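All remarks here apply to the structure that follows.
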Amino acid sequence: MPELPEVETTRRGIAPHITGQRIQEVRVRHRGLRWPVPDELESRLTGLSVVAVDRRGKYLLFRTDGGITMILHLGMSGSLSLGPQGPAGPHDHLDWLFSGGVRLRMRDPRRFGAVLLTENDPMDHPLLRNLGPEPFDPRFTGEHLYGIAKARRVAVKQLVMDARVVVGVGNIYANEALFLSGIRPKRPCHRISANRLSGLRDAVVEVLQSAIEQGGTTLRDFVREDGRPGYFARRLRVYGRAGLPCLVCAEPIRQIRIGQRSTFFCPTCQT
DNA sequence: CAACGGACCTGCCTGC
DNA sequence: TGCAGGCAGGTCCGTT
């Protein structure tokens with residue numbers, strides 16, 4: 001159930017184990033993901049070595065010495081694990097077996113994930129081409145947010161969740177960042193000052209950074225028999241806390257819907 | 001262009 | 001206990 005911190009934690013967990021390793025065999029059990037797993041995946045990957053595992057937004061990029069990059073997205077319910085994992089379950093779609101004996105497995109019950117190949121620069125791939133800056137990129141600034149916000153009329157929560165504006169801010173961390181910066185999720189983005197949007201930028205960076213740091217502390221558990229990456233306990237201030245007292249002012253946290261997504265905020269701390 | 005709603009799927013929880 | 005309904009951390013795509 002990955003947002004950017006989970007994807008980054010996964011990347012850091014697997015990269016040291018498979019970088020430099022040769023793909024000996026690819027087993028595809030179920031091709032049905034968001035898009036069908038390409039028929040030629042097995043034949044084109046077998047024999048290549050992984051030279052790097054990168055990330056762009058929530059996409060993982062497995063770069064190989066054959067000039068081919070495998071693009072992998074975990075969707076809503078996907079996870080990667082390093083083996084040995086035991087017998088494959090019904091939602092274990094793919095295995096990659098490496099020459100060193102390591103096995104990487106992708107599980108995805110809801111099948112919103114994706115596995116694709118590209119032989120070109122993956123940044124030019126249609127799925128990645130129009131993505132906004134990484135949250136930790138110096139180009140993601142308050143001015144960047146403000147410049148876009150003044151020309152748009154959506155709720156600010158929808159703006160920060162728009163991958164063309166900045167990548168990696170999913171529903172949980174959008175809620176958290178808006179709480180931290182004291183902005184109501186529903187506020188029209190063009191009616192927020194540059195100063196407050198700058199605060200929102202800082203909050204986005206902080207909330208993602210600290211989640212990644214917490215994930216890092218459990219990385220040692222990444223290789224486990226049951227396979228699931230070590231999900232860390234999140235310290236959430238508003239997400240999922242409808243009706244519970246605000247941790248700052250004790251006012252009950254409210255829950256509304258914005259663009260079909262659950263939204264949580266404190267009616268006194270956030271204006 | 002921007003905004004919006006629907007679509008893709010399964011699992012899990014709630015309430016009748 | 002069974003079943004319907006609602007909800008879930010993503011994001012693409014078609015329509016207006």
Side-chain angles (χ1 to χ4, degrees), chain A residues 1-11 29-37 55-60 71-80 88-94 106-116 125-132 134-135 145 147-179 185-191 204 207-208 210-212 214-215 218 228-243 255-264:
Chain A
M1 311 96 171
E3 290 204 39
L4 184 138
E6 287 79 2
V7 177
E8 177 61 18
T9 298
T10 298
R11 189 192 70 77
R29 285 185 208 81
H30 312 295
R31 308 200 93 89
L33 288 175
R34 175 166 195 165
W35 298 284
V37 174
R55 179 186 60 72
R56 177 77 174 100
K58 294 170 191 164
Y59 294 92
L60 288 171
I71 301 173
L72 189 151
H73 197 287
L74 294 170
M76 289 274 259
S77 59
S79 60
L80 293 175
H91 303 303
D92 291 329
H93 284 70
L94 295 101
M106 181 187 190
R107 176 186 154 81
D108 185 6
R110 280 179 79 182
R111 303 194 215 156
F112 289 165
V115 177
L116 304 164
H125 190 278
L127 291 173
L128 310 195
R129 193 191 302 153
N130 297 313
L131 294 178
E134 289 289 322
L145 255 192
I148 296 174
K150 64 186 180 190
R152 306 229 355 220
R153 342 217 87 221
V154 286
V156 61
K157 178 164 179 256
Q158 292 174 298
L159 187 82
V160 277
M161 290 181 69
D162 186 336
R164 295 168 301 176
V165 176
V166 58
V167 296
V169 185
N171 196 33
I172 291 180
Y173 296 110
N175 280 293
E176 296 297 308
L178 286 163
F179 175 78
K186 216 167 185 173
R187 180 170 282 276
C189 63
H190 65 285
R191 293 209 281 109
V204 164
V207 89
L208 293 176
S210 72
I212 291 171
Q214 288 179 64
T218 59
R228 313 237 343 152
Y231 279 119
F232 36 97
R234 297 189 185 85
R235 292 187 71 91
L236 301 178
R237 294 175 172 85
V238 285
Y239 183 83
R241 297 194 67 247
Q255 178 172 10
I256 59 174
R257 283 189 95 72
I258 297 178
Q260 291 134 274
R261 309 303 296 276
S262 272
T263 303
F264 303 85

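Every chain is numbered from 1, with letters handed out A, B, ... down the list of sequences. Bear in mind that the values here come from a model prediction, so they are computed numbers and not experimental data.
Taken residue by residue, residues 150-166 of chain A places heavy atoms nearer than 4.0 Å to DNA chain B at A:Arg152, A:Arg153, A:Val154, A:Arg164.
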Inset, instruction - Both distances under 3.5 Å, Watson-Crick or G-U wobble: on that basis, could you give the dot-bracket string for DNA chain B, with [ ] for crossing pairs and | for other-strand partners? - result: .|||||||.|||||||
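The separation between A:Arg56 atom CZ and C:dT11 atom P is 12 Å, rounded to whole Å. Between A:Ile258 atom CD1 and C:dT11 atom C1' the separation is 18 Å, expressed in whole Å. Taking atom CG of A:Leu60 as the reference point, atom P of C:dT11 lies 12 Å away to the nearest angstrom. Put simply, CZ on A:Arg129 is 17 Å from P on C:dT11, counting in whole angstrom units. Between A:Arg261 atom CZ and B:dA3 atom P the separation is 18 Å, expressed in whole Å.
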Please list, for nucleotides 6-9 of chain B, all pairs of protein and nucleotide N/O atoms separated by less than 3.5 Å.
unit_1, atom_1, unit_2, atom_2, d
B:dC9, O2, A:Arg110, NE, 3.1

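Residue A:Gln255 has its side chain nearest to C:dA8 when only C:dG10, C:dC12, C:dA8 are considered. The side chain of A:Trp35 lies closest to C:dC12, out of C:dA8, C:dC12, C:dT11.
Atom CD of A:Glu134 sits about 4.5 Å away from atom CZ of A:Arg55, to the nearest 0.5 Å.
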Inset, instruction - In sequence, state the C-alpha distance, the side-chain angles, and the governing distance for A:Asn171 and A:Met161, and then conclude on side-chain contact (heavy atoms from CB on, under 4.5 Å). - result: CA-CA 7 Å; A:Asn171 196 33; A:Met161 290 181 69; 3.9 Å; yes
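Using a 4.5 Å cut-off on side-chain heavy atoms (C-beta onward), A:Met106 and A:Leu72 make contact.
Between C:dG14 and B:dC9, the two P atoms lie 16 Å apart (nearest whole Å). Comparing the same atom, P, in B:dG5 and in C:dC7 gives a spacing of 15 Å after rounding to whole Å.
The ring pair (Phe, Tyr, Trp, His ring centres under 6.0 Å) check on A:Phe112 picks up nothing, with sequence neighbours excluded. Remark: A:His30 engages no residue in a side-chain hydrogen bond (donor to acceptor under 3.5 Å, both in side chains) (not counting sequence neighbours). A:Arg152 meets the salt bridge (charged side-chain N to carboxylate O under 4.0 Å, His left out) test with A:Asp162; sequence neighbours excluded.
If you check every strand for non-hydrogen atoms under 4.0 Å, A:Arg257 touches sugar and phosphate atoms only.
Distances shorter than 4.0 Å separate some side-chain N or O of A:Ser262 from OP1 or OP2 on C:dA8. The side chain of A:His73 contributes an N or O atom lying less than 4.0 Å from OP1 or OP2 of C:dT11. Phosphate proximity of C:dC12 to A:Tyr59: present, with a side-chain N or O under 4.0 Å from OP1 or OP2.
No more than 12 heavy-atom neighbours from other residues, nucleotides or ligands sit within 6.0 angstrom of CZ on A:Arg153.
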